[in-house]
Undergrad: 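Let me begin by handing over the structure; questions about it come next.
Proteins get letters first, then strands, A, B, ... in listed order; numbering begins at 1 in each. Keep in mind it's a predicted model, so treat the numbers as computed, not measured.
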Amino acid sequence: MFEALKRDGLARTGIYSKDSGESIETPSAIDADSFFPDLKEHEFSNIPLFANKKFVDKNSPEYKELIFIHPESENKGVFGDCLILSNWHTVLENPKYYVKMLLKMKGNHPSDTAWYTPACALPSNVATLINSGFDIFDYRAVDLKSAKGIFCTSDGEFLAEEWFDKGLCRCSGCENKNLFEHNRNALDTEIETVKNFLKDGHLRELLERRCRNSASQVSILRLFDMSYDFIEPRVAIARSTRLYANSGESLKRPEVKRFVERVIERFVPSRTDTAVLIPCSAKKPYSSSQSHMKFQSAIQNRAHEIIITSPLGIVPRELERMYPAGHYDVPVTGYWDGEERAFITDAIARYFEKNRYEKVFVHLDGDSFEIAKAALERSNTDYECTATDKLTSSESLKKLESALKYGRKKGPNLIKGTLSYQFGFDADTSKLQLKGKFMREKVLMGKKQVFSIDTGTGLMRPTFEGWDLIESGYRVYIDNFIPQGDILAPGVLNCDPDIREGDEVFVVGEGAVATGRAAMGAAEMCSSKRGVAVRVRKVKKL
Amino acid sequence: MFEALKRDGLARTGIYSKDSGESIETPSAIDADSFFPDLKEHEFSNIPLFANKKFVDKNSPEYKELIFIHPESENKGVFGDCLILSNWHTVLENPKYYVKMLLKMKGNHPSDTAWYTPACALPSNVATLINSGFDIFDYRAVDLKSAKGIFCTSDGEFLAEEWFDKGLCRCSGCENKNLFEHNRNALDTEIETVKNFLKDGHLRELLERRCRNSASQVSILRLFDMSYDFIEPRVAIARSTRLYANSGESLKRPEVKRFVERVIERFVPSRTDTAVLIPCSAKKPYSSSQSHMKFQSAIQNRAHEIIITSPLGIVPRELERMYPAGHYDVPVTGYWDGEERAFITDAIARYFEKNRYEKVFVHLDGDSFEIAKAALERSNTDYECTATDKLTSSESLKKLESALKYGRKKGPNLIKGTLSYQFGFDADTSKLQLKGKFMREKVLMGKKQVFSIDTGTGLMRPTFEGWDLIESGYRVYIDNFIPQGDILAPGVLNCDPDIREGDEVFVVGEGAVATGRAAMGAAEMCSSKRGVAVRVRKVKKL
Amino acid sequence: MISQKIEKPLACWKSKETYSGEVLDCLTVIFKSGGCSWNRCTMCGYKNERYHKMPAEELSTRIKQQVSWVLSEFKPDSYQMVKIFTSGSFFDTDEVPPGARDSIGEAFKGKIVIAESRTEYVKEDIISDFLAIVDDNSHKNPLYVAMGLETTNDYIREKCIDKGHTFEDFKNAVSQGRKAGAGIKTYLMMKPPFLTESEALLDMQKSLKECAPYSDMISMNLCTVQNRTDVERLWKQRAYRPPYLWSALKVLIEADVHVMCDPVGGGKRRGPHNCGKCDMEIVDAIREFSLNVDKELLRVYFERGCKCKNEWEFILKEEKPFCMPLTE
Amino acid sequence: MISQKIEKPLACWKSKETYSGEVLDCLTVIFKSGGCSWNRCTMCGYKNERYHKMPAEELSTRIKQQVSWVLSEFKPDSYQMVKIFTSGSFFDTDEVPPGARDSIGEAFKGKIVIAESRTEYVKEDIISDFLAIVDDNSHKNPLYVAMGLETTNDYIREKCIDKGHTFEDFKNAVSQGRKAGAGIKTYLMMKPPFLTESEALLDMQKSLKECAPYSDMISMNLCTVQNRTDVERLWKQRAYRPPYLWSALKVLIEADVHVMCDPVGGGKRRGPHNCGKCDMEIVDAIREFSLNVDKELLRVYFERGCKCKNEWEFILKEEKPFCMPLTE
């Protein structure tokens, strides 16, 4: 029996329990011979990964506690099963097939199955394996390294003669000069490390380090990122933690791409007469920074403020608190690399192709200035530059202020901006008002509260009245029962495919409606047999 | 007394011995209170890093075993001293000043001094510190983390409540549930890890992982790379190990930039009538790969073969064995990112602006095809595409062959290409002949050997007759003595500033000349008081 | 513009103070003046708080207008004590012309007046004159001269504060003040820049001991990071951290004399602070202690501790001049 | 083109062989023929080594030309034994027309002839006829029929080799051959694909035991990765690794009967290999053993070991059908 707990992309923590009652917290390495005693009984049962369907169908072994799976097989586990993906170690150096086969199989099997991959895990690659959705590993690969005199760490594999017993590790194995013990320790501790990063919401950051252990791991990460349509639905809509964009791959994170896509595809700006492009700040939200206070007092709401930043491209002022716009950190050198330039130029150009502003003021310098100009030219947008020298110099600010002198005053509409971004629905917000202190706002219609704002993530939390305004999308359909607490996955009949873990959802049933937050993505919500689907906030009987 | 041993950029291993005889292998963490007992005696002696010269000059402490240094101070250590850079921890999050101040001080002080930086080293940043040229650390920073209840690993700092004693580490401190002990263990083992990577020639690869621990470490690495003129002379001309280009920063490695610059500035191609651009292969040297065998049998030496590759840009066939062209590995997904595109487009364009070929055939596909076209257009070079579909398909190969049908046959001149690249001198190679099996060639003039080839690095090793052909550069001048073995740094009077560690050099003195290999770069050779400057191969009395 | 700008002091507020075992209402006034003649102290935030250069007469007029404003805003019978500050020295005649000083004396006649000055302006004659104006025999000691000694260590005072006088200068000023019949209030500064936490703590303890014989009242200021000061620049460069509240507690608990302390900015990043969790209760306890002179509450909080007390103990032991500040 | 292409066998070479305790000179000829009628074995590299379809008469002529070439190139009195292979079955009449077979028999009359065939073509009449041609009474057993049994395990033979016959088929063929008066030589295959190292090793040991009663000579082939074979495809997919030389050594040492073995490609990545350091000496020892039938040298090398013997022992124990091959 397997139950997934914390999920992130394909990765997850979970609990796998055998019928005997024995159970492990996953991800975890097991001693396969004792944990799955039946496994070694099937002689002559090898089936290579690239074997064709006929060969596979003819020769597939039937294990007692495991389901044999294969890219070409129709053999499928059901909820709670443990699946064994044999011989996966033979594609570890073959990123193209690694990703292709894996995504095919992940698509073919229910997500709440435990995945065991034998003889693959090393301290240097197990982060990638866990990120690929594997849950159970064994010690075969590290034991083999021990037999070969190889010292394993999370940084790679090294000749034991030169690296073992040289002070690089102080585990019990190293104290005892027992390489076998060290290598198993190294695998176990690395799995725990990955597990903790996963629970902490920083698996991606860890991966962006660990993947450097080999070219193929880098390629695997990049290929996963290119499989955006497959991965993105599995990534929560927000994290409570910061997003550290510390490598080139950060630009390709599903969260980053999703943000850019939604700003272009969903977001409805407060105004499209005049925009002003300004730089980001290290402090988040931007408007709490000294530089933005200066910009804002020069702009005086006479233009739509759009922040140009890496890796997010463009952040309209309305969305500055939305995850990850209010939550990212990025190394700054002043130099924007070619990929950042290309990615951000494209984002800006697409935004201005969709939203035809009459005039855009560019208050940027250095590389971001060049990027913005190129993008505005590409999108045939009329623009004017307002900066001289340092952007926050009084001269620059004066120039900015006087350029906007005749602009109409109209502040950013946080409500419309957030709702359109979050729900993909252009709600009528004319009767709504934002009340309350900065970072503690509520949205009222008359005296009725329609939304609160989750200041941790920037998401709006609709009340029942709020849901009346969002006419479609983000619905979870349940059977005819009155929820007595959270809604479990088996209780979900159907749901909107746009729903991601962490999204605000509206639960609709014959007997009741409820507000709440999705605890899993749409696909899992519709197919899982276990686990909370929606954390319910309020229920209303019909 | 400090002696540097293995160097790589600013980083080095070494031995620091106190007058008492006590000595440590660096890099290393010390218990500062007992190692430098005098240090704590200087009360009220704080001088912040940003203090001005007047303040510094007035207040600098004078230690018994240490030299106080400061960006604004003219205080200098001499050979063998241990320098203390106080309060450096206050710029760890300030990459701009970190790099600016450090390079200023490294330029001001002799390189064979040991650098001690107090209260800076954590397991998560010590790789960056070592890479910055620090040798001695203490436990203050980790002990502080212990006092604050922070669990330290080479991946970062974490709340001990949630991370310590959770199976992430099995060191003695973790076994004893002693956080203080764990944190010191973690620092010690990380220093040993960095040291081993440094000795192994893979410090850069480790850094490209570790720097992700914080945005500022990424920025520091990037800023160092932007300080090419300072760093490059400190990087050996070749490594015996592979170069793993597993991140965006790999494109900016000094070795990579140096290769590109030399191909453009120094390299003399065998011919400039016709060139053919072909893709790289995973196997090195390229010509041992199946795809290159096919290309070569289609080209039949009727054009100058130029390989287009990331991260090196362009590799002329003559240089395919030269470090790092024959020594790099790179993740391949088929997608070339914006920075690769920009960098390689620039390299190709500059090459073809300098070397005006009459005609270039482009046998490339995908992104590299687009890049090459853009570069050739930028350089106004006449080109023709010869590929259809798959580059190694018989159709493509036939098209390539027939496009070159009327070309003049002239094989690559490995000798001229290598000599011009390595020595920056366009030697007369008309009387030279390459003899011997692949990867075991010698260069003869008549029956006299003038060069052998170091197949590990691709470098030519001149005999005395070989040096006659290289009329200038790469000379090391010594006093009037007959070398009885290797030449030590104090024996060097002067040398050519282009010399890098690992370069072939010609030793010239009044009494003798010698052939050999530089064991340090030009600047160190001229200034060091200790260590082998040139490993001598042959000596000839005059 | 035809409206006249109203002249107001830089700040003026009421608070409670302990005096001779009694809790009094106290008015604190910071007059805008001609500005400090020295104007170099590293932590001073009043450097720019001054009138532009103007004739003494005009300066006098303006200060008198401030006095009027004070008198009209705060009922004279609502307080018994007055603390007078300028952005420099109250007894510096260039800064506060004699006429202005006299009207201030008149305004606060009958109160217990504490007036702050640099040592070089504490001269018997000037003090006597002012005392004569203030004194209406309501109090035994109607005037206290307050001086920022900061520390009794001349080296620290010079390097870290750049105060421009010595402990000896202070003692001379004390004797001038006493000759004039005034009491002495001494300000000490906890943790000027360039000191480690333990250097600052020990310096404060030593200073307290050494200044006690010369002081009728002692007030310990905990250094805060004021806008546009040298200390702020250092703080932004991560070269300065305000003192821990633990250090202040320890000093107060262990002091042999009563020490007043108002932890301005306490618990903020720019003020004396601990970890953020335990700060406010300690700040409140210190404020209360200044009134009730009872160390019990201080001891309770000190002994109860907090997670961050460990950190502070570590800092006391391990923060050294060559590696400071270790925390923020 | 006006020149006539010379017809040559696919390969032809001389070597030493042990026979009845004597070392003989032996000629091995691989004739190009009409090609194997089965042509499906996973490791077979001869699938494409055949004449294009042609009339039997022409085929016959071409093969006879090959015979002439052999006779002219290798002096008949320079060897005593001949091993005849085709890219399929020597006794398949479609592959080697009777006329051609007869001339081959004539050519090698008086030698000890070993001719290889699939089991289904081993028929008493054909063998008798051929024996009659070859035999000139110089030898007691002038003809041996060689068959690739590969393994006595029908399941392995079918799944891993796709050989198309059973152990039973083999036994029948043996009885046909014996009835015709021929001796029997059996080829076994060490480590076809889809077997772990230990499965392969145990299968070989079992096969040796089980085939011994039916065999006069046994030869163990160590699987190699031939161009354009199924095995090569698997090898490139990292799904196949040739056997360790350690396994071969172990089999040879522990065998109860003499087993011939020529480790073709030994020490190369595509052939049976260990770590690369110890390979060549073991290959040489195995070659020598085939001649001198003395296990001593094998034992010496086996016991001396190498760093990689540890790895091999681990592989024997831990390589399983669900995680193989573990090494390359």
Undergrad: To the closest 0.5 Å, what do you measure between CG (A:D138) and NZ (D:K320)?
TA: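 The CG atom of A:D138 sits 11.5 Å away from the NZ atom of D:K320.
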Undergrad: By a 4.5 Å heavy-atom criterion (distance strictly below it), what part of D:Y240 contacts chain A: side chain, backbone, both, or neither?
TA: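 The answer is neither part of D:Y240.
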Undergrad: Would you call A:H89 and D:C323 a side-chain contact if the rule is heavy atoms closer than 4.5 Å?
TA: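 Touching, per the 4.5 Å side-chain cut-off.
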Undergrad: For the interface with chain D, which of A:L49, A:I47, A:D33, A:N87 has the highest count of heavy-atom pairs at distances below 4.5 Å?
TA: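 Highest number of heavy-atom pairs under 4.5 Å: A:N87.
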Undergrad: Specify the closest pair of heavy atoms between D:M324 and A:N46, including all atoms of both residues, with the distance to one decimal.
TA: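 It is CG-ND2, 3.2 Å.
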Undergrad: Give a yes or no on whether D:R269 atom CZ has more than 12 heavy-atom contacts from other residues, nucleotides or ligands under 6.0 Å away.
TA: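 No, the 6.0 Å shell around CZ holds no more than 12 heavy atoms from other groups.
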Undergrad: At a 4.5 Å cut-off on heavy atoms, which part of D:T196 comes close to chain A: side chain, backbone, both, or neither?
TA: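 For D:T196, no heavy atom lies under 4.5 Å from chain A.
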Undergrad: Quick check: are there more than 12 heavy atoms from other residues, nucleotides or ligands sitting under 6.0 Å from NZ of D:K268?
TA: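 Atom NZ in D:K268 is not crowded, with 12 or fewer foreign heavy atoms closer than 6.0 Å.
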Undergrad: More than 12 heavy atoms of other residues, nucleotides or ligands under 6.0 Å from CG of D:N227: yes or no?
TA: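 For D:N227, atom CG is crowded (more than 12 foreign heavy atoms under 6.0 Å).
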Undergrad: Above 12 or not: heavy atoms from other molecules or residues under 6.0 Å from OH of D:Y46?
TA: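 Counting neighbours around OH of D:Y46, 12 or fewer heavy atoms of other residues, nucleotides or ligands fall under 6.0 Å, so no.
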Undergrad: Is there a side-chain contact between D:N310 and A:K148 in this structure, where contact means two heavy atoms from C-beta onward sitting under 4.5 Å apart?
TA: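 Not in contact.
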Undergrad: Just verifying a value: how many Å separate A:E43 CD and D:N153 CG, rounded to the nearest 0.5 Å?
TA: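 One gets 8.0 Å once the value is rounded to the nearest 0.5 Å.
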Undergrad: As an exercise, state the distance from OG of A:S45 to NZ of D:K159, rounded to the nearest 0.5 Å.
TA: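 Rounded to the nearest 0.5 Å, the OG-NZ separation comes out at 6.0 Å.
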Undergrad: Distance check, rounded to the nearest 0.5 Å: A:K40 atom NZ versus D:K317 atom NZ?
TA: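 Going from NZ on A:K40 over to NZ on D:K317, the span is 10.5 Å.
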Undergrad: Answer yes or no: are there more than 12 heavy-atom neighbours, outside A:K18 itself, under 6.0 Å from its atom NZ?
TA: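 Correct, the count exceeds 12.
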Undergrad: Tabulate, in ascending numerical order, the residues of residues 100-131 of chain A having at least one heavy atom closer than 4.5 Å to a heavy atom of chain D, or enter 'none'.
TA: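 Result: A:Y116, A:P118, A:A119.
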Undergrad: Under 4.5 Å, heavy atom to heavy atom: which of residues 54-85 of chain A reach chain D? Give them by number, or say none.
TA: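 A:F55, A:K58, A:N59, A:Y63, A:I84 fall under the 4.5 Å cut-off.
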Undergrad: Measuring from atom CD1 of A:I150 to atom CD of D:E311, what distance do you get when rounded to the nearest 0.5 angstrom?
TA: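 If we round to the nearest 0.5 Å, A:I150:CD1 and D:E311:CD are 9.5 Å apart.
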Undergrad: With heavy-atom distances below 4.5 Å as the criterion, would you say the side chains of D:E319 and A:L144 are in contact?
TA: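 Result no, sub-4.5 Å side-chain heavy-atom pair not found.
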Undergrad: Give the member of D:D203, D:L195, D:I315, D:I156 that has the highest number of heavy-atom pairs under 4.5 Å with chain A.
TA: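 Most heavy-atom pairs within the cutoff with chain A belong to D:I156.
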Undergrad: Determine whether more than 12 heavy atoms belonging to other residues, nucleotides or ligands lie under 6.0 Å from atom CD of D:E313.
TA: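 Yes - once you tally the heavy atoms of other residues, nucleotides and ligands closer than 6.0 Å, there are more than 12.
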Undergrad: Sort D:F194 into side chain, backbone, both or neither according to what part of it lies under 4.5 angstrom from a heavy atom of chain A.
TA: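 Its backbone and side chain both get close to chain A.
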Undergrad: Just verifying a value: how many Å separate A:K145 NZ and D:F314 CZ, rounded to the nearest 0.5 Å?
TA: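 Output value for this atom pair is 10.5 Å.
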Undergrad: Within the supplied structure, the quantity of interest is the number of heavy atoms (other residues, nucleotides, ligands) at a distance under 6.0 Å from A:K96 NZ; does it exceed 12?
TA: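 Count not over threshold, so no.
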